[in-house]
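The figures that follow rest on heavy atoms only: side chains count, while hydrogens, waters and symmetry mates do not.
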Amino acid sequence: EMPEYATELGIPAGRLYSEDIEASANRIGDEQLGIEGVVRFFYRPYLYLDHDRIIAAGMDVEEASARMASVLEREPGVHAAVTTSRLASVTDRDMARRIRNNYHPQRAGDIYVVQRPYWFNFEKGPVAAMHGSPWKYDTHVPLVFAGPGIAAQRVHRPVQPADVAPTIAAFLGMSPPASAQGTALGEVLER
């Protein structure tokens, strides 16, 4: 739901703008670390820091990232700010798994910013829907298969979008694509 509608329902929600995260992080860098313009950019959900400026200030990049993350967590709309080197320390196992699934060592930023539940984290503008948060309500993806020989049913178990290609391939009697990572859903294949 849009944050404005969620608040009408009594759910604490709001909008956490990318520009505001970047500005807050730069303010924190200036006030807490004495480094002006420490943020290179924020590309949801990662904050990318200017390593050259941190090193020039005589600080360790990981130490500066950790200090910034701990202060950033107190900003409105921020649930958690986790340095990429400390992803393993996230105590909520489901949340940690979802964050790690979004991590790529060559492309990820320095700090993963998790918005509070029901908060939008996006650029300013008339955004009415968004996805990409690690909250369970935002990661639920319904899969629908329809066709001759597929029985009408509802399946209430976790499945993944990666299961689509192997399932379609098995249904058609073909080998799955070489890069397919999911598994064929037996419920679709039962005839």
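- The minimum heavy-atom distance linking Pro176 with Pro166 is given by the pair CB-CA, 4.2 Å.
- Val164 and Val155 fall into different hydrophobic clusters, defined by Ile, Leu, Val, Met, Phe, Trp and Tyr side-chain heavy atoms under 4.5 Å apart, directly or through other members.
- Atom-to-atom distance recorded for Glu187:CD and Phe145:CZ is 10.0 Å, nearest 0.5 angstrom.
- Taking 4.5 Å as the limit, every side-chain heavy atom of Val82 sits out of range of all side-chain heavy atoms of Ile111.
- Across Phe120 and Val127, no two heavy atoms sit closer than the pair CE2-O, 3.7 Å.
- Trp135 has its side chain out of reach of Trp119: every pair of non-hydrogen atoms, C-beta onward, lies at least 4.5 Å apart.
- Taken from OG in Ser18 to OH in Tyr43, the straight-line distance is 10.0 Å, to the nearest 0.5 Å.
- Looking at heavy atoms from C-beta onward, Tyr112 lies in side-chain contact with Pro134 at the 4.5 angstrom threshold.
- Val188 is connected to Ile168 through a chain of hydrophobic side-chain contacts under 4.5 Å among Ile, Leu, Val, Met, Phe, Trp and Tyr, so both are in one cluster.
- Under a 3.5 Å cut-off, the side chain of Asn26 and the backbone N or O of Ala23 do not form any donor-acceptor pair.
- Leu47 and Tyr103 are assigned to two separate hydrophobic clusters, defined by single-linkage of ILVMFWY side chains at heavy-atom distances under 4.5 Å.
- Closest approach of Glu19 to Phe122, counting heavy atoms only: OE1-O, 4.3 Å.
- By the 4.5 Å heavy-atom criterion applied to side chains, Val113 and Phe42 are counted as neighbours.
- Leu49 and Phe41 fall into different hydrophobic clusters, where Ile, Leu, Val, Met, Phe, Trp and Tyr residues are linked whenever their side-chain heavy atoms come under 4.5 Å apart, directly or through other members.
- Surrounding CZ of Arg157 are more than 12 heavy atoms belonging to other residues, nucleotides or ligands, all under 6.0 Å away.
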Checklist entry - Are His51 and Arg40 close enough, and set up right, to give a side chain to side chain contact (heavy atoms under 4.5 Å, CB included), and what steps lead you there? => result CA-CA 9 Å; His51 294 192; Arg40 285 182 32 229; 5.6 Å; no
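- Taking all atoms of both residues into account, the shortest heavy-atom contact from Ala128 to Met2 is O-CG, 3.0 Å.
- The salt bridge (charged side-chain N to carboxylate O under 4.0 Å, His left out) analysis of residues 105-119, with sequence neighbours excluded, yields no pairs.
- Taking the six-membered ring where the residue is Trp, the centroids of Tyr118 and Tyr137 are separated by under 6.0 Å.
- Glu75 places no side-chain N or O within donor-acceptor distance of the main-chain N or O of Ser24, the cut-off being under 3.5 Å.
- Counting only heavy atoms from C-beta outward, the side chains of Val39 and Ile21 never approach each other to under 4.5 Å.
- Using a 4.5 Å cut-off on side-chain heavy atoms (C-beta onward), Pro45 and Val114 make no contact.
- Residues Pro3 and Arg15 share a closest heavy-atom pair of CG-CG, 4.0 Å.
- Residues Phe171 and Leu143 are members of one and the same hydrophobic cluster, defined by side-chain heavy-atom contacts under 4.5 angstrom among Ile, Leu, Val, Met, Phe, Trp and Tyr.
- Counting non-hydrogen atoms of other residues, nucleotides and ligands closer than 6.0 Å to CD of Glu4 gives a total above 12.
- The heavy-atom pair separating Thr84 from Ala108 by the smallest distance is CG2-CB, 4.3 Å.
- The backbone N or O of Leu185 lies less than 3.5 Å from a partner atom in the side chain of Thr167, making a donor-acceptor pair.
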Using distance only, find each side-chain donor-acceptor pair of residues 53-73 under 3.5 Å and give its atom names and separation, not counting sequence neighbours.
from  : atom 1 : to    : atom 2 : distance (Å)
Arg53 : NE     : Asp50 : OD2    : 3.3
Arg53 : NH1    : Glu36 : O      : 2.8
Asp60 : OD2    : Glu62 : N      : 3.2
Asp60 : OD2    : Glu63 : N      : 3.0
Glu62 : OE1    : Ser85 : OG     : 2.6
Glu62 : OE2    : Thr83 : OG1    : 3.2
Glu62 : OE2    : Ser85 : OG     : 2.9
Ser65 : OG     : Val61 : O      : 2.8
Arg67 : NH2    : Gln32 : O      : 2.7
Ser70 : OG     : Arg67 : O      : 2.9
Glu73 : OE2    : Ala81 : N      : 3.1

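- Atoms NE2 and CG, on His79 and Asn121 in that order, are 13.5 Å from each other to the nearest 0.5 Å.
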